[in-house]
Amino acid sequence: MEKILITGGSGLIGKNLSSYLSSQNYEVRLLSRKKDLNNSSVYFWDLESGYIDEEALAGIDHIIHLAGAGIAEKRWTAKRKNEIIESRVKSAELLFSEVNKMYIKPKTFISASAVGYYGAVTTEKVFTETDNPENDFQGKVCQQWESSSQKFSELGIRNVQLRFGVVLSAKGGALPRMMLPIKLWIGSALGTGNQFVPWVHIDDVARIIEKAILDEDISGPYNVVAPEYKTNKELVEAIAWKMGKPLFMPNVPRFLLKLILGEMSQLVGSRISSKKILDSAYTFSYPILDKALSDLLSDDN
Ligand SMILES: NC(=O)c1ccc[n+]([C@@H]2O[C@H](COP(=O)([O-])OP(=O)(O)OC[C@H]3O[C@@H](n4cnc5c(N)ncnc54)[C@H](OP(=O)(O)O)[C@@H]3O)[C@@H](O)[C@H]2O)c1
């Protein structure tokens with residue numbers, strides 16, 4: 001049974017991934033900032049003091065690095081920006097030095113990244129993995145985040161950077177946040193509504209991570225987004241339609257978004273290509289938004 005260590009495994013993606021990988025017969029360990037005395041598969045680490053419970057890494061086959069302070073959780077003050085970067089980069093560096101120190105050689109190091117790599121501009125361009133990062137905050141975060149995981153090449157460890165789009169789940173993240181105003185009949189598109197929202201169903205995220213574990217040809221950056229492009233307006237309308245609550249409010253004006261969210265009002269923007277992962281023979285379970293929403297908004301979820 002292969003052993004997998006997931007950092008940030010208590011989060012939205014991590015929880016779904018852990019239960020998926022356990023169901024596929026992997027031994028799953030979680031590395032967390034919170035001790036859980038009732039769960040022997042949770043191991044403790046502390047970024048401040050540079051501590052990792054060595055037991056977490058003993059005999060490990062794959063590391064999946066998902067930990068990071070929420071990008072869209074709080075306003076981007078200078079302090080918060082620093083936390084966003086350090087929680088991803090310092091943590092990867094700590095894992096690197098511990099792996100090096102313990103003379104262990106996991107087969108893969110898979111790190112989360114985000115389509116924020118390409119910036120929040122809406123253009124006609126469809127971005128691919130060979131494009132350069134944007135010179136804004138998100139672009140810089142993703143660049144440093146990815147560099148810290150590429151460092152594992154120095155130890156001869158295959159590394160993969162997964163640039164997630166907006167992960168759709170019924171259990172948290174963007175979808176419930178978009179559903180709330182619709183439920184209250186005050187849902188509407190944001191700004192012009194024409195900005196693209198690269199999206200992906202959470203089950204495809206788990207299956208793509210498993211593909212990255214199993215397929216030795218997978219290496220370097222991959223966009224993890226569904227092949228169907230949707231604008232913010234189309235996405236909000238599709239959710240409202242599925243909820244049986246049509247939209248009648250005008251779009252939220254851009255200046256108001258900026259006032260409420262500051263720099264954070266610019267989270268997504270252009271179309272992002274899924275060609276590279278499709279070319280690696282991955283078949284999306286949810287390639288179309290309509291199918292993804294039918295699943296996520298069904299009573300089973
Ligand atoms: N969800 C999305 O739509 C999306 C899109 C693009 C990229 N991503 C990226 O994918 C990763 C996983 O996403 P997610 O939605 O599962 O995130 P999440 O629900 O916010 O979970 C992230 C986990 O990281 C750990 N964490 C939080 N703050 C931290 C800090 N200051 N220092 C160290 N660890 C910290 C926490 O685990 P413990 O409390 O157990 O330590 C937390 O459960 C994140 O890095 C995120 O930026 C997500």
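Along the sequence shown, the residues carry numbers beginning at 1. All values reported here derive from a predicted model rather than from experimental measurement. Indexing begins at 1, ligand by ligand and atom by atom, following the structure's order.
Contact between Gly9 and ligand 1 is absent, with no heavy atom of the residue lying under 4.0 Å from the ligand. Between Trp145 and ligand 1 there is a heavy-atom distance shorter than 4.0 Å. Taking 4.0 Å as the cut-off, Gly165 counts as a neighbour of ligand 1 on heavy-atom distance. Look at Lys15 and you'll find every heavy atom at least 4.0 Å from all atoms of ligand 1.
In this structure, Lys105 fails the cation-pi test against Tyr103, since its NZ or CZ atom is not both closer than 6.0 Å to the six-membered ring centre and inside 45 degrees of the ring normal.
In this structure, atom 16 (O) of ligand 1 lies nearest to the protein heavy atom Ile13 N, 2.8 Å. Looking only at protein heavy atoms, the nearest one to atom 33 (C) of ligand 1 is Arg33 CD, 3.5 Å.
Defined by atom type and a distance below 3.5 Å, a donor-acceptor pair is present between the side-chain atoms of Lys242 and Ser294.
The pair Lys81-Glu83 does not count as a salt bridge, with every side-chain nitrogen at least 4.0 angstrom from each carboxylate oxygen. Between Asp279 and Lys276 there is no salt bridge, since no side-chain N of the basic residue sits under 4.0 Å from a carboxylate O of the acidic one. Using a 4.0 Å cut-off between charged side-chain N and carboxylate O, Lys107 and Glu2 make a salt bridge.
Note on ring orientation: taking the six-membered ring where Trp is involved, the planes of Tyr51 and Phe44 are tilted (angle from 30° to 60°).
Between Ala112 and ligand 1, a contact under 3.5 Å exists for no N or O pair.
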